[in-house]
Amino acid sequence: MLEIVLSIVIVLSAILALIQKDLLKAAILTGFAGAALALLFQVLLAPDVALTQAIVEGAIVPIFIALAVKKTQRSDG
Amino acid sequence: MAQVQLVILFTSVALVVIGLYSAIFIDNIIKKIIGISFIEEGVNLFIVAIGYKAGGVVPILMPGMDTSWFASNAAYPLPFGLVLTSIVIGASTLAVMLALVMVLYRRYGTLSTKVMLADTSKREEYDE
Amino acid sequence: MNELIPLMVIVPLMAALLISAFSKLNKVTKIFAFVVAICLPLIPLLSNYGLHYFGGYEPILDNVTGMIYHPAITYSFTFLQQIFIGAVGLLTFLVIFIYLTKYKKVSGPYLFLLFLGTAAVTAMMLTDDIFHMFVFFEILALAQVGIVAASSIDYSYEMALKYMVLGSIGSPMMLLGIGFLLALTGSVNVTDIAVAVHNGLVDAASPVFLLSLALIFFGWLYASGMPPFHTIKSGIYSKAEPHGAALLQSFTVISMISIVLIMFRIYASLPIFEVLIVFFSILAMILGVSLALTQTDFRRMIGFLAVGELGFIGLGIGLGTNFSITAGLFQALNEIIITALLFIGFGAIVNATDEVDTRKLGGLLAYHPKVAIMLLIGGLAMAGVPPLSGFQSKLMLVQASLSCGFPEISILAIMVSIATFVVFVKTYYTMFLKPKPNDLDLEGKEVPKAMIFAMGVLLIIVILLGIFPDVVTGGISNFVGGIL
Amino acid sequence: MKIYDQIFNVVKQFRKLFSPGPVTNADVSGSLTAEIFLIVSLVLSAILLRHVNVLLAGIVTLILAILLISNIPLIPKFKIEQEDSLEKMLFYAIVTLGLLATFMYWGGNLV
């Protein structure tokens, strides 16, 4: 049951990230998808992968994107 | 049960398709890069699902576990090791792409792919 | 001395890390880079053939099924690996020599990227583990992007970003294919997978197995710059510094043959595999050469020619006989050396004139006769004129396709050779023979001595391989007999 | 005379290919060579279909030859499709991926 909820969260936040007009929101939603993916890895019996995923995709990658957005422009267009 | 792996399969296919869609149809380069990184995440998810074993245990041999019981019940750890490497590679690729975008934004003042990454072979010749 | 086998990867990798850490000390960095660069071609020449198991985990015999499993990452070092790693090592040495003599103040990160790329292709060539190859393939892509972005040519950042975006579609697809293979066989060791496929443990006709071929094949297209990736590949050659481009094309050739040999060992029993390779090779030859004919930027022209020549290698491997694969691999070795010669030679012209458009050049023969003559011989070798090395490999390819019953492919190969010759003669005429335009200022600009030295070394290899091809083809033929 | 006029028009259209900047005779002859090379090599590789079916090879070769010759100049059209913009590169890469995967999954056993 948990995996179905997590899958829906991942796919929804991925789609939402791509239709945002505000790039900062897109970065946050990417982190959301990454963190949900990390939980899903935990469900799939891979705790070591889940730890790495939570740090890299859940925290570092959104920060990278947010930095890039800060250095460029925030609105899509 | 096998239902778990089916759900995972659909999720990873959805992520890959979202990524491929964004590669063609999204114009903003940062969103395009975010979308492309979803391809890599979908592939990682698929590879982790290979090692999953329904009703199994985490592949760490704790003290007091029977070895033969562990061998027949633990998940297959090789794909997990591969995905660890692959996650880090994906993050570093994304970082390099974003760094290049930051440099190019200073030159063009826009994030549109059509402007930033258009055909350059005509522009550079026969001025001056 | 099998201990030398991992050193081939470790030495450039450690050198890369040390140089980037101590790049503040200019003089020390220069001497250190030069010493390591000399070591690179020497290590494969001194090492013995053999296998190296990382961590010392020997293969395990399973008593129940009677099969052998490889738990460790295995490096196998044979004659084929020796000549290709030797060639790349020599090229790295020449490129680093050119770079060190060209600039007073060397850049640590750039040397880091050159050594990192060399380490990555060496590991790809040696390894027997498909995921290990993928990891180094990604590292190689990052190094290539760095080399392109570090050049001071206009629009190099754009080209680097385009290459990265395309790469981040191509390489996850390859990883997905590797994942399918892992799901089917439970192993990432190529020998184990090949044994499982040949013994019928994997259903070779199942759609999943075929899909894994399609995905790894797509990754291979991206790695080798076959269509649809020929535009980006020729683009990154033209946007890198000339000596960097010489190294980049050798990286492309090596990653191409190392991936295709692994694919060949796994999928050779499928007839569709050879059809796919021949189809894309013919497409690469036609598109590469016909686009090279219409270019006015001569770096771009060489880039497209390099892509077109890759088609010959693919053709040799796609025909699938011992003789044709030998011809294809021999062509790969020739292409590494000849294309490097052309890139360095045309780079010397860029250095001396600051001009890349053929329409603004002319009359260079009187000013740079040495470069002109060496470039002429290099171009003739690429087009396949006897007695140079390109002739030997192309003749072998034509014979191989005739003996396989495909005379059309022979005719096509000869036509592509002729078109290559036309491209080269046209460019050579407009650059060297046609009268000098009035506004072209050539006074006081010299070609660097190091570039002429590098071209001379490569030219000697081209002529020697043309006269004595048996030195190489015999050993390659033995290797091919082992994997067939 | 008609084919001569056609070729003359082809040469005129090459001017757009090399703009901005002058068009030299070497470039025009190179482009004409590319034109002929493209037609001949595509037709020649269509003959390879005879290993599948002789009749199919004949029909495809004839149709391809007529199509290609009646559509000259091909090189400007070809070059526009293979320029350096990321959009076109990505489009062709993903179309190739889709075709390759579809063909291999359902038709990989037909050969």
Side-chain angles (χ1 to χ4, degrees), chain A residues 1-15 17-24 26-27 29-31 33-34 36-38 40-57 59-77, chain B residues 3-5 7-8 10-12 14-15 18-19 21-22 25-35 37-38 40-42 44-45 47-49 51-53 56-60 74-77 79-81 83-84 87-88 90-91 94-95 97-99 101-102 104-106 109-112:
Chain A
M1 200 55 216
L2 184 58
E3 68 272 0
I4 298 178
V5 176
L6 285 173
S7 298
I8 293 170
V9 169
I10 291 168
V11 174
L12 264 185
S13 51
I15 293 174
L18 293 177
I19 59 175
Q20 288 299 319
K21 283 283 166 212
D22 185 351
L23 290 178
L24 209 55
L29 281 167
T30 315
L37 203 55
L40 196 53
F41 285 159
Q42 177 67 40
V43 174
L44 290 176
L45 303 178
D48 44 349
V49 184
L51 269 179
T52 319
Q53 170 81 14
I55 295 166
V56 173
E57 303 271 341
I60 296 178
V61 165
I63 289 173
F64 277 162
I65 297 172
L67 272 179
V69 171
K70 187 165 178 294
K71 288 274 179 189
T72 56
Q73 66 182 26
R74 193 166 160 179
S75 71
D76 168 18
Chain B
Q3 180 227 355
V4 175
Q5 272 175 331
V7 170
I8 301 301
F10 275 119
T11 316
S12 59
L15 282 174
I18 289 170
Y21 173 86
S22 71
F25 291 106
I26 289 184
D27 188 46
N28 186 296
I29 183 72
I30 290 188
K31 278 210 275 191
K32 193 176 246 184
I33 289 172
I34 292 175
S37 76
F38 286 140
E40 180 113 16
E41 292 189 15
N44 287 345
L45 185 57
I47 295 182
V48 169
Y52 175 71
K53 185 175 229 166
V57 295
V58 172
I60 300 170
Y76 186 43
F80 301 165
V83 170
L84 277 183
I87 288 172
V88 177
L94 187 111
M97 282 199 278
L98 288 175
V101 168
M102 282 195 257
L104 287 178
Y105 180 79
R106 258 181 255 153
T110 173
L111 288 176
S112 168

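Lettering of chains follows the sequences in order, A, B, ..., and the numbering in each one begins at 1.
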Test side-chain contact (heavy atoms from CB on, under 4.5 Å) on Leu44(A) and Val4(B) and set out the steps.
CA-CA 9 Å; Leu44(A) 290 176; Val4(B) 175; 4.1 Å; yes

Show your reasoning for whether side-chain contact (heavy atoms from CB on, under 4.5 Å) applies to Val83(B) and Gln53(A).
CA-CA 9 Å; Val83(B) 170; Gln53(A) 170 81 14; over 6 Å; no

Given Leu23(A) and Leu111(B), is the side-chain contact (heavy atoms from CB on, under 4.5 Å) satisfied, shown in steps?
CA-CA 11 Å; Leu23(A) 290 178; Leu111(B) 288 176; 3.7 Å; yes

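Both the backbone and the side chain of Val49(A) come within less than 4.5 Å of a heavy atom of chain B. Both the backbone and the side chain of Leu18(A) come within less than 4.5 Å of a heavy atom in chain B. Residue Phe38(B) touches chain A through its side chain alone, counting heavy-atom pairs closer than 4.5 Å. Interface remark: Leu29(A) contributes no atoms to any contact with chain B (heavy atom separation under 4.5 Å). Of the atoms belonging to Ile8(B), it is side-chain heavy atoms, and not backbone ones, that fall under 4.5 Å from chain A. Neither the backbone nor the side chain of Leu51(A) has a heavy atom closer than 4.5 Å to any heavy atom of chain B. Residue contact with chain A, scored on non-hydrogen atoms closer than 4.5 Å, involves the side chain of Leu94(B) exclusively.
Remark: Lys31(B) NZ to Ile19(A) CD1 distance equals 8.5 Å, nearest 0.5 Å. In this structure, CD1 on Ile15(A) lies 10.0 Å from OH on Tyr21(B), to the nearest 0.5 angstrom. A distance of 11.5 Å separates CD1 in Ile33(B) from OG1 in Thr30(A), rounded to the nearest 0.5 Å. Rounding to the nearest 0.5 Å gives a distance of 7.5 Å between CG of Leu37(A) and CD1 of Ile87(B). Note: Leu98(B) CG to Thr72(A) OG1 = 9.0 Å, rounded to the nearest 0.5 Å. Distance CD/Gln20(A) to CD1/Ile34(B): 10.0 Å, rounded to 0.5 Å.
A donor-acceptor contact shorter than 3.5 Å is absent between the side chain of Lys53(B) and the backbone of Leu45(A).
The most heavy-atom pairs under 4.5 Å with chain B, out of Ile60(A), Val43(A), Leu40(A), come from Leu40(A). Ranked by heavy-atom pairs under 4.5 Å with chain B, the list Ala26(A), Ala27(A), Ser7(A) is led by Ser7(A).
Scanning all heavy atoms of the two residues, the minimum distance from Tyr105(B) to Gln73(A) falls at OH-OE1, 3.2 Å.
Inter-residue side-chain proximity for Ile18(B) and Val11(A) is flagged as met; some heavy-atom pair is nearer than 4.5 Å.
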